[in-house]
Amino acid sequence: MEKILVTRRIPQKFVERLEALGEVEMWDHELTPMPRDKFLDAVKDKTAALVTLSEKIDDELLKAAPNLKIVANLAVGYDNIDLDVAKYHDVEVSNTPHVLTETTAELGFSLMLAISRRIVEGEKYIKDGNWESWGPYLLAGKDIYHSKVGIFGMGEIGKAFARRLKGFNADILYHNRSQDTKAEHELGAFYTSFDTLIKKSDFVVSTAPSTPETRNIFNKEVFKKMRNDAFFINIGRGDLVVEEDLIEALEEGEIAGCALDVVRDEPIRLDHPLLKMPNVIITPHIGSASVLTRDQMIQTCVLNIEDVLNGDAPRNKVEAR
Ligand code: GLV
């Protein structure tokens with residue numbers, strides 16, 4: 001008998017699909033993660049687990065789950081999972097690529113528009129009762145049109161972001177682990193060193209995953225090299241950024257502002273200095289949060305669990321590099 005754990009509430013239609021495979025136990029909460037001790041206990045007899053980024057999948061967890069065959073992660077990123085340990089325990093891991101690409105690029109683009117044209121600041125300005133008259137430079141921002149946009153991480157989401165820049169006549173620079181000449185032809189993007197990208201760009205957009213090479217890459221030295229009128233946008237992972245250095249760069253005027261969908265510690269503390277800065281926009285890690293895309297991500301997890309419980313490899317298998 002297959003036993004499936006789902007660590008967050010998902011729609012009934014997907015639960016039923018899983019019930020066709022075996023017995024399902026679901027942590028029936030939308031916004032509260034399953035506490036670690038409950039997770040460790042619930043996973044003991046399970047053969048499959050559908051988990052979120054809130055769950056850490058490590059040796060302790062996998063030791064507690066001797067029957068587990070698959071962890072289906074409800075995300076494209078999988079830095080919450082120790083892939084080497086999963087391999088050691090012979091547990092398959094899957095993610096949800098492709099289906100969230102356009103939705104996540106759209107959120108990134110929304111953030112770029114919002115920060116460059118001071119949309120959130122403008123709304124607050126009105127609600128605070130400050131709007132008395134039109135002013136020549138009232139809330140004057142920065143054009144994306146004809147600007148230089150530097151994309152760090154030219155994977156699917158980076159490319160989808162670049163495609164959206166077409167109507168803005170922007171120069172697109174990118175930096176990636178490897179050069180992608182096909183993308184260069186299709187998108188008119190130019191490969192540069194990381195150093196050139198951060199020095200030249202009006203907008204530095206990070207879509208890169210968290211890896212040992214990228215962690216803390218946006219630090220003091222990098223913010224110092226960026227243009228003083230540049231904006232930083234992060235839709236990848238929060239731990240690429242040394243937040244104290246970002247705060248200092250904003251305070252010192254080394255960059256003009258930032259828009260972040262991800263931060264180092266999520267959820268962000270309400271007394272976090274970034275929340276007090278007018279030239280900072282933060283959204284609660286909602287890059288892929290459209291109803292359709294979230295449905296498709298859950299569906300992808302279900303399909304991967306079906307694959308493994310039917311004796312096949314998961315279609316969206318992820319492995320240690
Ligand atoms: C979200 O951050 C994801 O990796 O899907």
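In each ligand, atom 1 is the first atom listed, and ligand 1 is the first ligand listed.
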Could you tell me whether Lys148 and Asp202 have a side-chain N and a carboxylate O separated by less than 4.0 Å?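 Answer for the salt bridge query: no.
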Is the distance between the ring centroids of Phe223 and Phe232 under 6.0 Å?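 Under 6.0 Å, so yes.
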Is the distance between the ring centroids of Phe161 and Tyr174 less than 6.0 Å?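 Aromatic pair excluded; centres sit 6.0 Å or further apart.
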Result of checking Ile233, Asn176, Ile217, Leu173 against Phe152 for side-chain contact (heavy atoms from CB on, under 4.5 Å):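 Between Phe152 and the candidates, side-chain contact (heavy atoms from CB on, under 4.5 Å) is satisfied uniquely by Ile217.
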Exactly which residues line ligand 1, taking a heavy atom under 4.0 Å from it as the test?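 Contacting ligand 1 under 4.0 Å are Leu53, Ala75, Val76, Gly77, Leu100, Arg237, His285.
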Would you kindly say whether Arg237 and Ser206 are connected by a side-chain donor-acceptor distance under 3.5 Å?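 Judged by distance alone, the side chains do not pair up.
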Sequence neighbours excluded and cut-off under 3.5 Å, please list the side-chain donor-acceptor pairs for residues 39-48, or say none.
{"residue": "Asp41", "atom": "OD1", "partner": "Lys44", "partner atom": "NZ", "Å": "3.1"}
{"residue": "Asp45", "atom": "OD2", "partner": "Lys3", "partner atom": "NZ", "Å": "3.4"}
{"residue": "Lys46", "atom": "NZ", "partner": "Glu25", "partner atom": "OE1", "Å": "2.8"}
{"residue": "Lys46", "atom": "NZ", "partner": "Ala42", "partner atom": "O", "Å": "2.8"}
{"residue": "Thr47", "atom": "OG1", "partner": "Glu2", "partner atom": "OE1", "Å": "2.8"}
{"residue": "Thr47", "atom": "OG1", "partner": "Lys3", "partner atom": "N", "Å": "3.0"}
{"residue": "Thr47", "atom": "OG1", "partner": "Lys3", "partner atom": "O", "Å": "3.2"}

